[in-house]
2 protein chains.
Amino acid sequence: MEKQHNLSKNQKIIFDLIDKSPEPLKAYSILFNVQKKGINAPLQVYRALDKLVEIGKIHKIESRNAFIACQNSSCQISKATAFSICESCEKVSEISNTKLSKYLSNFADESGMKYTKYNLEFFGLCKKCKSK
Amino acid sequence: MEKQHNLSKNQKIIFDLIDKSPEPLKAYSILFNVQKKGINAPLQVYRALDKLVEIGKIHKIESRNAFIACQNSSCQISKATAFSICESCEKVSEISNTKLSKYLSNFADESGMKYTKYNLEFFGLCKKCKSK
DNA sequence: TTGTAAATGTTATATTATTACATAGTGTTA
DNA sequence: TAACACTATGTAATAATATAACATTTACAA
Ligand SMILES: [Zn+2]
Ligand SMILES: [Zn+2]
Ligand SMILES: [Zn+2]
Ligand SMILES: [Zn+2]
């Protein structure tokens with residue numbers, strides 16, 4: 001059974017915005033968009049983002065400093081994430097590939113380090129951009 | 001044959017600093033450290049960093065906004081990078097594992113997107129921190 | 001109902017990165 | 001050599017991203 005997270009007011013406003021967006025959103029663009037809803041300060045946005053990331057409802061695209069809603073309901077609380085990023089149009093998709101996630105979750109090298117989390121970002125040209 | 005890149009004065013100063021550092025360095029920490037060598041402005045640092053990343057001499061650790069020297073001479077110009085990051089002591093190492101890099105370089109999913117580059121960051125506790 | 005954790009509100013500030021513009025060096029070729 | 005293109009440098013200003021510190025309020029379980 002998944003733990004149920006009842007989002008708070010600010011968290012819900014911000015999650016809904018990200019969830020509806022076809023593209024990753026940046027923190028200050030989120031701030032701009034929610035000011036009409038009474039969220040006025042960067043910290044209010046960042047706190048909601050932190051929480052949403054923590055509970056796995058959204059992910060941060062590190063190379064872009066931007067946030068997208070989790071497109072993979074079975075995503076294990078942001079512990080194992082993979083994305084594809086088009087370097088031309090900046091379209092980002094979450095990759096959910098069982099083989100890939102198994103391979104990476106079980107990955108171990110000679111360092112003796114046990115990995116509990118990973119984030120993978122693939123880059124290239126999406127179908128549309130490739131055919132231009 | 002690898003293309004030879006003769007580093008410019010600023011590039012060399014900044015590469016040497018990063019290369020000698022046991023830990024990833026942040027841009028403004030680099031700036032602070034090279035001011036005695038006549039590099040005074042953020043842009044001078046960022047320009048050198050951009051170039052060094054481009055030619056594969058250093059890599060950016062995206063989740064940390066920090067830079068490390070390439071520890072893998074055969075690294076294909078920053079097109080395929082993997083790192084291990086200790087979430088306790090923040091030690092970062094570049095992973096060079098042929099199987100892993102082959103697996104990821106050949107990865108393809110149903111999206112029809114051809115990936116030309118990837119960056120992978122593993123997180124966990126290093127040996128030292130685990131045994132504490 | 002009282003204690004505790006989570007969330008909010010607000011101001012200020014820290015950190016990371018880029019724009020714009022002027023100048024200087026490096027190497028190639030006419 | 002002169003002309004050219006390209007890369008690198010210097011400097012100032014500013015944009016974009018993120019956190020610290022502090023006061024207050026809300027949710028909710030013991
Ligand atoms: Zn997900
Ligand atoms: Zn595209
Ligand atoms: Zn490398
Ligand atoms: Zn450690």
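Each chain gets a letter, A, B and so on, in the order the sequences are listed, and its residues count up from 1.
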If you draw a 6.0 Å radius around NZ in B:Lys127, do more than 12 non-hydrogen atoms from other residues or ligands fall strictly inside?
no
Once the angle between the rings of A:Phe122 and B:Tyr118 is folded into 0 to 90°, is it parallel (under 30°), tilted (30 to 60°) or perpendicular (over 60°)?
perpendicular
Measure from CD on B:Gln35 to P on D:dT11 and round the result to the nearest Å.
12 Å
Using a strict cut-off of less than 4.0 Å between a Lys/Arg side-chain nitrogen and an Asp/Glu carboxylate oxygen, indicate whether A:Lys20 and A:Asp16 qualify as a salt bridge.
no
Rounded to whole Å, how long is the line connecting atom CG of B:Leu25 with atom P of C:dT15?
16 Å
Are A:Ser111 and A:Asp109 close enough that a side-chain donor and a side-chain acceptor fall under 3.5 Å?
yes
Consider only side-chain N and O atoms of B:Glu121 and B:Asn119, and report whether a donor and an acceptor are under 3.5 Å apart.
yes
In whole angstroms, how far is the P atom of C:dT10 from the CG atom of A:Leu31?
13 Å
Are A:Gln44 and C:dG9 close enough that a side-chain N or O sits under 4.0 Å from OP1 or OP2?
yes
Residues in contact with DNA chain D, drawn from residues 8-24 of chain A - heavy-atom cutoff 4.0 Å
none
Nearest whole angstrom, please: distance from the C1' of C:dT16 to the CD1 of B:Ile30.
12 Å
Pair A:Ser63-B:Glu62, side-chain donor/acceptor within less than 3.5 Å
no
Quick one: closest heavy-atom pair of B:Gly56 and B:Cys70, and the distance?
O-CB, 3.4 Å
Nearest whole angstrom, please: distance from the P of C:dT18 to the NZ of B:Lys51.
16 Å
Could you encode protein contacts along nucleotides 12-30 of chain D as a string, one character per nucleotide from 5' to 3', using B for base contact, S for sugar-phosphate-only contact and - for no contact, with a heavy-atom cut-off of under 4.0 Å?
B----BBBBB---------
According to side-chain contact (heavy atoms from CB on, under 4.5 Å), who are the partners of A:Glu23, at least two apart in sequence or on a separate chain?
A:Ser21
